[in-house]
Amino acid sequence: SSDSHNGLGVDSQTNGIYNNTWGNSFNAKGVDVYTNFGSAFDYAQATNIGYQRLSDPVTTTRRVLYLKPGLWLVFDNFVGRGQHRYSQFFSFADKQVAKGDQQVRTTYGSNDLTVAAIKPVEIQLLESVWSPEYNLLKENVRAEFSVSTTGSHSFITALYFPGNDSVSIKPIPVYDRGDIKLATTVAEAVEVAYNGKEYIVL
C-alpha cells in the first residue's frame, strides 16, 4: 500500500487497489518521469495518476532533489479541487523514532536521520509493520505528515543527517516580473544553506 512504501496518500486511500498476493485490481500509473544525475546533485520526478479514479480526482507529483553528499529535498504536489486530506508517509526499520517540532528523527544516538517539514503539517507516528523480505513482517513505526485542505497543496520536506551536516532551509516568496507575489499553488521556492554553500530552489 502507499503508506507502507514511503508514498503519498489521498483521503486515507491507496493509489493502487490490492487484490491478492500477486496482483492488484487497480494499478496506479506513473507518467512524466524525468531524471538528471550529476556530480553535485541528482534529480528525479514522476506524476502518479492513481488518484484520478476518485470522484474528485487528484493528481500527485513527487520531485526529489539530492544535494550531495547528504541532503534530500522532497517536493510533493497534490492537484485537486475539493476537500481532501493529503499525506506523505515515511516508514522506518524499527521503532527508534521520535516526533519533534515539525519533524521526526531516528534515535540511535549516531548517524540519525531527520525528516523535517518545511511547511506546516500535522505529524503522527503510527504503529505499523514492514517487510524486509517476502513472507516476513517486522514491527516498526511509520510517520504520516498530513494536511486537510480544499484544492491543491504541496509539501516541502527535507531529509538529512544533523550530526554530520549543517542545514538551514526556509521558504521564500516568488514574484513575477511585475513584482507581484505569486500564490504558492503557482510557484514556490526555498533558500537552502548546506555545508557552507547556498542554494535557491524554485
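Sequential numbering from 1 along the given sequence is applied to the chain's residues.
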[X] vs [Y] side-chain heavy atoms within contact, under 4.5 Å:
X: F89; Y: L8; value: no
X: T35; Y: Y43; value: no
X: Y34; Y: N36; value: yes
X: T59; Y: Q52; value: yes
X: L65; Y: V201; value: yes
X: V10; Y: L54; value: yes
X: N77; Y: R63; value: yes
X: V97; Y: R105; value: no

**Message:** Taking the ring of F90 and the ring of F145, is the distance between their centroids below 6.0 Å?
**Reply:** yes

**Asked** Salt bridge or not for E144 and R85, using N-O below 4.0 Å?
**Response** yes

**Asked** Can D76 and R62 be counted as an ion pair, charged N to O under 4.0 angstrom?
**Response** yes

Between atom [atom1] of [X] and atom [atom2] of [Y], what is the distance when rounded to the nearest 0.5 Å?
X: E191; Y: I200; atom1: CD; atom2: CD1; value: 5.5 Å
X: S166; Y: Y160; atom1: OG; atom2: OH; value: 9.5 Å
X: L73; Y: F75; atom1: CG; atom2: CZ; value: 4.5 Å
X: L71; Y: Y199; atom1: CG; atom2: OH; value: 8.5 Å

**Prompt:** What's the verdict on side chain to side chain contact (heavy atoms under 4.5 Å, CB included) for T157 and Q88, showing C-alpha distance, side-chain angles and the deciding distance?
**Reply:** CA-CA 10 Å; T157 312; Q88 295 174 305; 3.0 Å; yes

Any donor-acceptor pair under 3.5 Å linking the side chain of [X] with the backbone of [Y]?
X: N48; Y: G30; value: no
X: S87; Y: S146; value: no
X: R53; Y: N15; value: yes
X: D94; Y: N140; value: no
X: D179; Y: Y175; value: no
X: K29; Y: T47; value: no
X: D42; Y: Y66; value: no

**Item:** The single option from T149, T150, D56 passing side chain to side chain donor-acceptor pair (under 3.5 Å) against H84
**Value:** D56

**Message:** Please verify the inter-ring angle class for Y134 with W22; under 30° counts as parallel, over 60° as perpendicular, anything in between as tilted.
**Reply:** tilted

**Message:** Using 30° and 60° as the class boundaries, would you call the ring planes of W72 and F161 parallel, tilted or perpendicular?
**Reply:** perpendicular

Only pairs under 3.5 Å count here: list side-chain donor-acceptor contacts from residues 112-127, not counting sequence neighbours, and write none if there are none.
residue: D112; atom: OD1; partner: T106; partner atom: OG1; Å: 2.9
residue: D112; atom: OD1; partner: T107; partner atom: N; Å: 3.4
residue: D112; atom: OD1; partner: Y108; partner atom: N; Å: 2.7
residue: D112; atom: OD2; partner: G109; partner atom: N; Å: 3.0
residue: K119; atom: NZ; partner: S154; partner atom: O; Å: 3.1
residue: K119; atom: NZ; partner: S154; partner atom: OG; Å: 2.8
residue: K119; atom: NZ; partner: E188; partner atom: OE2; Å: 2.7
residue: E127; atom: OE1; partner: K95; partner atom: NZ; Å: 2.8

